[in-house]
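To start, the structure under review is shown below, and the notes come after it.
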Amino acid sequence: MRIGINLIKGEIQTNEPKDLIVGIDLGTTNSLVGYIHPKYGDTRIVQDEAGDNKLVPSIVHFEPDGSVTVGTQARAQLVSDPTRTIYSVKRLMGKSYKDLIDHKDYFGYQIIDNDKDELVKIRVDDRFFTPIELSAMILRQLKQRAEKALNREVLKAVITVPAYFNDSQRQATRDAGKLAGLEVLRIVNEPTAASLAYGIGLQPDEVKTVAVYDLGGGTFDVSILHIENGVFEVLATNGDTFLGGDDFDRLIINQWTTDNKLPLKRFTSDAYKSIQQAMRLNAEEAKIHLSQHPNYISSTEQGQFNLSRQQFEEMIQPLVAKTIGCCKAALEDAKLTTANIDEVVMVGGSTRIPYVKQSVASFFGKAVHDNLNPDEVVALGAAIQADILAGNQKDMLLLDVTPLSVGVETIGELMDVIVPRNSRIPIRAARQYTTQVDGQANMKIAVYQGERDLVKNNRKLGEFDLKGIPSMPAGLPKVEIAFIINADGIMQVRAKELRSGVEQSITVQPQYGLTEEEMGQMLLESIQNAAADMQVRSLQEAINEGSQLLATAQRFISQQTAYLSPTEIADTQTYMNTLNEVLTSQNKDLIHQHIEALNEFTRPFAERVMDKAVAQAMKGKQV
Ligand code: ADP
Ligand code: MG
């Protein structure tokens with residue numbers, strides 16, 4: 001036994017308090033905190049003070065005065081204040097505007113589209129937020145809730161993410177945790193956590209292959225796990241990050257809109273949004289009701305909103321079929337058939353729908369596990385994972401797989417895969433390359449993620465130069481490029497010229513992420529002053545964005561002078577001067593406003609110049 005002496009209190013402590021690490025399911029729709037009770041050792045979900053609510057809606061609401069509410073209270077504002085009520089932030093994590101264009105109408109709030117390739121921001125009145133900041137607000141709320149319920153400080157956590165999250169999204173989640181004042185010990189795949197919650201494979205000699213089917217509010221995942229000797233290995237994952245219960249709600253809304261011939265187009269856009277949101281809540285109510293009853297009937301201001309279970313099932317049939325298609329694909333990836341699957345685990349609130357359960361059970365040809373609350377299993381499993389990391393459960397190891405292939409760009413803009421998709425991690429993989437030109441001293445290494453042959457269709461994760469290769473004829477240098485991916489899926493890329501030993505490496509912080517240094521700095525500040533913290537980073541980002549835009553605008557003016565009138569040039573210059581001035585204002589919102597203003601002002605010229613350039617190019621063409 002270890003004996004601790006508390007010198008301040010002058011007390012002897014026979015038992016050092018164990019490290020309490022919580023498990024957090026940061027969901028698209030709902031978030032929860034799980035933990036292992038320090039005294040009783042059972043797995044629990046943190047409840048609110050009233051003791052009747054475990055799910056925290058992943059929703060943030062901003063009052064006009066700028067104050068913030070999170071959770072149920074925020075959810076209540078969806079109808080009355082749609083433009084200030086931010087939901088489904090998880091869908092925005094690590095995403096650029098370009099990634100979201102197809103789903104833009106889904107969001108009732110304003111997503112900034114200035115630079116289509118940059119990380120999206122959300123605009124609320126005259127304030128701008130990143131998805132990381134918004135997720136951090138949810139996480140901070142969960143942290144406070146856990147601290148109240150457990151009556152102790154909570155500083156460490158495991159956070160789960162869908163198996164399909166790429167590196168950017170994982171890193172963004174990690175950043176959000178840090179910003180909320182949490183040390184994120186591990187990012188865990190949700191299906192991995194769910195299987196742990198069911199305790200499948202906890203017997204040392206158990207060998208099993210398990211399918212985890214997770215249909216939540218916003219995402220769908222299926223994972224094939226192989227469990228042997230207490231080792232959990234993900235053989236394959238598949239899914240759709242834009243498929244979930246929200247889509248069922250939308251189908252119901254469409255049906256009711258048609259049934260009642262609602263003239264939605266005639267409403268002002270704010271009234272339209274409110275009605276949409278009201279119908280959203282109503283549709284969800286109907287859907288949940290139909291999981292227990294054959295019919296739903298309700299009359300509202302907008303009309304008669306009725307639905308039968310049969311109608312509902314016909315409506316969602318194509319989407320459910322799509323999830324089954326993903327199950328097939330995952331099995332193929334794992335080189336298995338349904339006959340190889342020993343257990344099927346149901347996860348996510350939408351698996352409460354009887355038709356979903358039946359479809360999954362009939363596809364796999366066996367009864368599914370659904371005895372735990374499907375919306376709690378991920379948090380419960382995360383708590384178990386946290387407990388393992390705290391060292392309270394010995395001999396457990398978790399292996400994961402890379403959701404997408406990663407590799408480097410080679411000649412002809414081709415993707416050269418170094419770590420194929422579904423590789424087990426942690427992993428180290430390497431390949432040798434050489435130079436193209438005699439005496440070539442530098443080599444550019446561009447890292448991409450994705451399954452397509454041309455890098456332009458994949459996602460760029462980062463790039464760096466291997467400099468100072470000693471002068472040699474082309475083809476002689478041996479440059480080894482190695483990918484090292486740790487258990488969190490965070491990747492380091494190293495390039496080394498083997499003859500000379502010249503070496504260079506980067507940690508592939510996904511494109512939009514923060515460097516470790518920045519993170520460390522922010523963590524400190526976030527603990528001291530959370531609100532000021534967030535300002536530091538977003539201000540810097542705004543300044544960078546502003547400076548970049550100024551440079552682009554300057555280039556544009558000098559290159560396209562011929563196409564622009566003197567007034568246009570002078571006016572653009574005025575906008576640029578103002579932006580330049582506000583860059584030092586320390587006010588990110590002001591900077592964003594002037595970025596928008598300059599963008600807005602120059603957009604028509606840019607389009608015109610583009611048209612002219614195209615016309616010019618066409619002239620020279622033989623048809
Ligand atoms: P996420 O993982 O996306 O945060 P959850 O696992 O919490 O989501 O699931 C939320 C979804 O489950 C919502 O679309 C919600 O409407 C749906 N849901 C919850 N309970 C039921 C039910 N009884 N019947 C049908 N759908 C349900
Ligand atoms: Mg979930």
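Indexing begins at 1, ligand by ligand and atom by atom, following the structure's order.
The OG1 atom of Thr83 sits 15.5 Å away from the CZ atom of Phe107 when rounded to the nearest 0.5 Å. Here CE of Met93 is found 4.0 Å from OG1 of Thr173. Values are rounded to the nearest 0.5 Å.
A donor-acceptor pair is defined here as one N or O able to donate and one able to accept, closer than 3.5 Å; such a pair exists between the side chain of Lys90 and the backbone of Leu26. Judged by distance alone, the side chain of Arg170 and the main-chain N or O of Phe165 form a donor-acceptor pair under 3.5 Å. Checked by atom type and distance alone, the side chain of Asp247 pairs as donor or acceptor with a backbone atom of Gly244 at under 3.5 Å.
Looking only at protein heavy atoms, the nearest one to atom 15 (C) of ligand 1 is Glu284 OE2, 3.1 Å. For atom 20 (N) of ligand 1, the closest heavy atom belonging to the protein is Arg352 NH1, 3.5 Å. Scanning the protein heavy atoms around atom 7 (O) of ligand 1, the nearest turns out to be Asn30 ND2, 3.0 Å. The nearest protein atom to atom 2 (O) of ligand 1, hydrogens excluded, is given as Gly216 CA, 4.1 Å; this is a heavy-atom distance. Distance from atom 9 (O) of ligand 1 to its nearest protein heavy atom, with residue and atom name: Gly349 N, 3.2 Å. What sits closest to atom 10 (C) of ligand 1 on the protein, heavy atoms only, is Gly217 N, 3.6 Å.
The contact set between ligand 1 and Gly348, taken as ligand atoms under 4.0 Å from a residue heavy atom, comprises 6 (O). The atoms of ligand 1 that sit less than 4.0 Å from any heavy atom of Gly245 are 14 (O). Close approach of ligand 1 to Gly218 is summarised as follows: ligand atoms under 4.0 Å from at least one heavy atom of the residue are 3 (O). Interface atoms of ligand 1 facing Gly27, defined by a heavy-atom separation under 4.0 Å, are 4 (O).
Inclusion of Ile288 in the set of residues having an N or O under 3.5 Å from an N or O of ligand 1 is not warranted. Checked against a 3.5 angstrom limit, the closest N/O atoms of Asp249 and ligand 1 fall outside it. Among the atoms of Asp375, none of the N or O lies under 3.5 angstrom from an N or O of ligand 1.
For Tyr355 and Phe312, the distance between ring centers is not under 6.0 angstrom. If you look at Tyr213 and Phe364, their ring centroids are not closer than 6.0 Å.
Ligand 1 lies out of reach of Gly244, whose nearest heavy atom is not under 4.0 Å from it. Remark: distances from the non-hydrogen atoms of Ile353 to ligand 1 include one below 4.0 Å.
Taking the centre and axis of the six-membered ring of Tyr296, the NZ or CZ atom of Arg309 falls outside the cone set by 45° and 6.0 Å.
Of the heavy atoms in Ser291, only side-chain atoms (C-beta onward) come closer than 4.0 Å to ligand 1.
The nearest non-hydrogen atom to atom 14 (O) of ligand 1, considering only Arg280, Arg91, Lys287, comes from Lys287.
Taking each heavy atom of Val188 and Ala193 in turn, the nearest pair found is CG1-N, 4.3 Å.
A salt bridge is absent between Glu284 and Arg280: the closest approach of a Lys/Arg side-chain nitrogen to an acidic carboxylate oxygen does not fall below 4.0 angstrom.
For the pairing with Asn282, the side-chain contact (heavy atoms from CB on, under 4.5 Å) check across Thr300, Ile252, Asp249, Ile253 returns one residue only, Thr300.
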